[in-house]
Amino acid sequence: MSVRVSAMSVLPPVRRDRIIAQLPQYFKKEAALHTKDDFNNKVRTACQEQRTGTVGFKISKVIVVGDLAVGKTCLINRFCKDAFDKNYKATIGVDFEMERFEVLGVPFSLQLWDTAGQERFKCIASTYYRGAQVVIIAFDVNDVASLGHVRQWLEDALKENDPTAVQLFLVGTKKDLSSPAQYSRIEQDALKLAQEMRAEYWAVSSLTGENVKEFFFRVASLAFETNVLAELEKSGSRQIGDVVSEYPNNLSVTVKTMTFVTQFNAQLCICFRN
Ligand SMILES: Nc1nc2c(ncn2[C@@H]2O[C@H](COP(=O)(O)OP(=O)(O)OP(=O)(O)O)[C@@H](O)[C@H]2O)c(=O)[nH]1
Ligand SMILES: [Mg+2]
């Protein structure tokens with residue numbers, strides 16, 4: 001019995017508007033994490049053949065950082081709840097939302113961490129930065145200073161994470177408040193910064209909803225693609241009998257044992273349901 005089937009049957013089905021079958025396109029070609037038209041071929045094939053290992057069970061951590069009142073909470077609320085609040089309520093510490101997707105037929109979840117931008121809450125928030133696969137740095141396209149602080153936010157977020165493993169996004173918010181001329185001026189600087197940081201650039205409006213869904217779909221898709229590729233690399237180099245994990249007390253887990261544990265967990269899921 002397939003482990004994937006049992007896990008899916010325990011959870012409610014993924015919302016129909018969270019199903020991703022095509023790779024969502026970048027916002028700006030000059031500042032994209034990659035510019036390919038479609039998912040990596042190996043990833044597509046692995047999904048078709050149900051060879052995605054543990055990816056379907058994984059939850060990828062995404063942190064959203066940036067100056068106070070740039071619109072981090074509104075961005076998450078627009079996507080997760082399709083809601084917008086014009087009144088500012090500062091985030092105290094952190095908050096998080098879970099979003100479940102189905103990418104190329106495989107379940108995939110993002111845990112979206114909304115952090116505080118206010119200086120006095122920053123030290124609480126920063127303790128939650130660790131273990132992020134995706135870092136989203138938000139700035140207000142109508143506030144040059146908030147763009148100027150992006151590097152500091154990046155530095156703080158990367159202190160707690162492996163800089164080579166993190167996927168970075170730079171997001172300009174409140175696009176609805178800027179005129180086309182004003183916007184294109186700040187966009188030039190933002191694109192330059194995104195290129196230097198190796199981040200993918202987006203501009204959104206949580207008030208109108210412009211680009212919000214497209215943005216999060218792109219985040220989910222690129223995080224998923226990276227996870228499947230990593231999983232394929234791991235399983236490609238793994239042979240039956242190989243030691244894949246060493247515990248301090250000299251207990252080692254072999255590939256054979258791992259398979260047994262996975263099957264055992266799947267059985268448990270089924271017992272739990274019944
Ligand atoms: N016009 C417009 N206003 C927005 C938009 N996004 C957020 N705002 C407003 O900006 C203010 C701050 O938004 P929040 O989402 O609370 O900001 P935040 O970044 O979470 O702030 P902290 O939690 O303090 O870090 C609120 O009054 C929002 O209504 C937008 O896209 N357009
Ligand atoms: Mg907030």
Side-chain angles (χ1 to χ4, degrees), residues 24 27-28 31 61-99 110-130 132 134-161 168-187 189-191 193-194 197 199-219:
F27 178 67
K28 286 279 165 181
K61 181 172 180 177
V62 177
I63 58 169
V64 186
V65 299
D67 275 7
L68 72 144
V70 293
K72 301 178 293 296
T73 302
C74 286
L75 177 62
I76 291 174
N77 286 346
R78 169 58 78 196
F79 181 64
C80 299
K81 303 175 183 158
D82 200 18
F84 178 80
D85 186 352
K86 65 178 183 358
N87 301 308
Y88 172 48
K89 284 187 219 85
T91 303
I92 298 167
V94 289
D95 226 335
F96 82 87
E97 291 285 341
M98 280 286 287
E99 270 299 326
L110 292 183
Q111 197 178 40
L112 302 170
W113 287 81
D114 178 18
T115 70
Q118 277 198 28
E119 201 55 48
R120 60 192 162 138
F121 304 128
K122 228 176 121 177
C123 60
I124 315 170
S126 60
T127 59
Y128 292 87
Y129 291 174
R130 188 163 300 170
V134 175
V135 174
I136 298 172
I137 307 178
F139 73 98
D140 177 346
V141 298
N142 311 285
D143 175 8
V144 189
S146 68
L147 181 62
H149 298 148
V150 163
R151 276 187 192 284
Q152 188 57 53
W153 286 108
L154 175 65
E155 196 180 302
D156 292 349
L158 292 187
K159 256 186 236 159
E160 306 292 335
N161 288 291
L168 260 184
F169 290 83
L170 176 65
V171 180
T173 58
K174 309 191 191 181
K175 195 164 178 277
D176 59 284
L177 292 178
S178 87
S179 71
Q182 272 173 328
Y183 173 73
S184 68
R185 269 198 300 277
I186 200 155
E187 190 187 67
D189 294 339
L191 282 171
L193 182 59
M197 290 170 17
E200 177 157 310
Y201 174 72
W202 281 76
V204 300
S205 166
S206 305
L207 184 140
T208 65
E210 183 185 353
N211 290 336
V212 172
K213 186 176 173 195
E214 291 81 350
F215 167 63
F216 281 107
F217 269 40
R218 177 84 175 161
V219 171

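Both counts, for ligands and for their atoms, begin at 1 and track the order of listing.
Nearest protein neighbour of atom 3 (N) of ligand 1, counting heavy atoms only, is Phe84 CZ, 3.7 Å. Closest to atom 20 (O) of ligand 1 among all protein heavy atoms lies Thr73 OG1, 2.8 Å.
Under 2.8 Å from the Mg ion (ligand 2) lies no N/O/S atom of Thr115, from backbone or side chain alike.
Distances shorter than 4.0 angstrom do not occur between any heavy atom of Phe121 and any atom of ligand 1.
Of the N or O atoms in Gly117, one or more lie within a sub-3.5 Å distance of an N or O in ligand 1. Taking any N or O of Val70, backbone or side chain, at least one lies under 3.5 Å from an N or O belonging to ligand 1. Taking only nitrogen or oxygen atoms, main chain and side chain alike, Leu207 reaches within less than 3.5 Å of ligand 1. Taking distance alone, with nitrogen or oxygen atoms compared against 3.5 Å, Cys74 approaches ligand 1 more closely than that limit.
Against a heavy-atom cut-off of under 4.0 Å, Ala116 is close to the following atoms of ligand 1: 25 (O).
Note that Lys159 lies outside the cation-pi zone of Tyr129, set by a 6.0 Å cut-off to the ring centre and a 45° limit from the axis.
No part of Thr173 comes within 4.0 Å of ligand 1, judged by heavy-atom distances. Within the 4.0 Å heavy-atom criterion, the part of Asp85 lying near ligand 1 is the backbone and not the side chain. If you look at Thr91 next to ligand 1, the close heavy atoms, those under 4.0 Å, come from the backbone and the side chain alike.
In this structure, Tyr128 has its ring center no closer than 6.0 Å to that of Phe96.
With a 4.5 Å cut-off on side-chain heavy atoms, Val62 and Phe169 do not count as touching.
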